[in-house]
Amino acid sequence: MRIFKQIMIIGAVTFLGEMCNLVLPLPVPASVYGMVFLFLALQTGVIKLSQVEDTADFLVAVMPVMFVAPCVSLMDSLAGVLDSIPALVLICLLTTVTTMSVTGVIAERIICRTKKEKQKESSKNKKLKDKKEVA
């Protein structure tokens with residue numbers, strides 16, 4: 001019953017993403033809307049991680065199987081893709097470098113922010129401790 005409930009929650013978020021895709025005139029896939037809604041629901045606590053964790057883990061585990069059909073289809077049309085290989089390689093390299101750079105910058109900022117917050121907290125605790133010792 002727990003798995004069924006988790007599937008229903010993920011299905012409802014997916015359905016909400018599909019509805020937004022139909023209503024909004026933006027070139028955004030429905031799955032992206034669904035992921036954004038799920039992220040926001042998890043961040044705000046509307047949905048707890050434990051409410052979807054088991055099913056989400058299963059879906060991530062079987063994700064490679066979902067790519068078999070597109071890969072086979074791509075192999076069937078290999079002749080048409082051969083002309084585009086240099087452009088595809090260039091795109092892959094550029095997007096990889098961009099993704100790694102952006103991820104690195106964001107991770108660095110998060111680490112710096114966390115360190116600053118810890119330093120503020122430790123200095124605040126030290127001041128409180130000093131006040132208690134003076135009193």
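No side-chain donor-acceptor contact under 3.5 Å links Q6 to the backbone of A56. Remark: the backbone N or O of Q119 is paired with a side-chain donor or acceptor of S122 at under 3.5 angstrom. T114 places a side-chain N or O within donor-acceptor distance of the main-chain N or O of I110, the cut-off being under 3.5 Å. Formation of a donor-acceptor pair under 3.5 Å by the E18 side chain with backbone atoms of A30 is not found in this model.
Under a hydrophobic clustering in which Ile, Leu, Val, Met, Phe, Trp and Tyr are joined whenever their side-chain heavy atoms come within less than 4.5 Å, directly or via other members, V13 and M66 fall into the same cluster. Linking Ile, Leu, Val, Met, Phe, Trp and Tyr residues whenever their side-chain heavy atoms come within less than 4.5 Å places L42 and Y33 in a single cluster. Under the 4.5 Å side-chain contact rule for hydrophobic residues, L38 and L24 share a cluster. Transitive grouping of hydrophobic side chains (ILVMFWY, heavy atoms separated by less than 4.5 Å) brings M35 and L16 into a common cluster. Linking Ile, Leu, Val, Met, Phe, Trp and Tyr whenever their side-chain heavy atoms come within less than 4.5 Å puts V52 and V32 in one cluster.
Here the OG atom belonging to S84 is positioned 12.5 Å from the CG atom belonging to L90, to the nearest 0.5 angstrom. Atoms SG and CG, from C71 and D76 in turn, are 11.5 Å apart once rounded to the nearest 0.5 Å. In this structure, NZ on K116 lies 13.0 Å from CD1 on I111, to the nearest 0.5 angstrom. Atoms CE and CE, from M8 and M1 in turn, are 10.0 Å apart once rounded to the nearest 0.5 Å. Annotation: the span from S77 atom OG to L82 atom CG amounts to 9.5 Å, rounded to 0.5 Å. Distance check: F37 CZ to I47 CD1 gives 11.5 Å after rounding to the nearest 0.5 Å.
Applying the side-chain hydrogen bond (donor to acceptor under 3.5 Å, both in side chains) rule to Q51 yields no partners; only residues at least two apart in sequence or on another chain are considered.
Scanning all heavy atoms of the two residues, the minimum distance from P86 to D83 falls at CD-O, 3.9 Å. Residues L59 and I10 come closest through the heavy atom pair CD1-CD1, 4.3 Å. For the residue pair V28 and N21, the shortest heavy atom distance occurs at O-OD1, 2.9 Å.
Of the listed residues (T96, T98, T103), just one forms a side chain to side chain contact (heavy atoms under 4.5 Å, CB included) with M100, and that residue is T96.
Residues F58 and I3 are not in side-chain contact: their nearest non-hydrogen atoms beyond the backbone lie 4.5 Å or more apart.
By the neighbour-count criterion of 12 heavy atoms within 6.0 Å, atom CE of M19 is densely surrounded, having more than that number from other residues, nucleotides or ligands.
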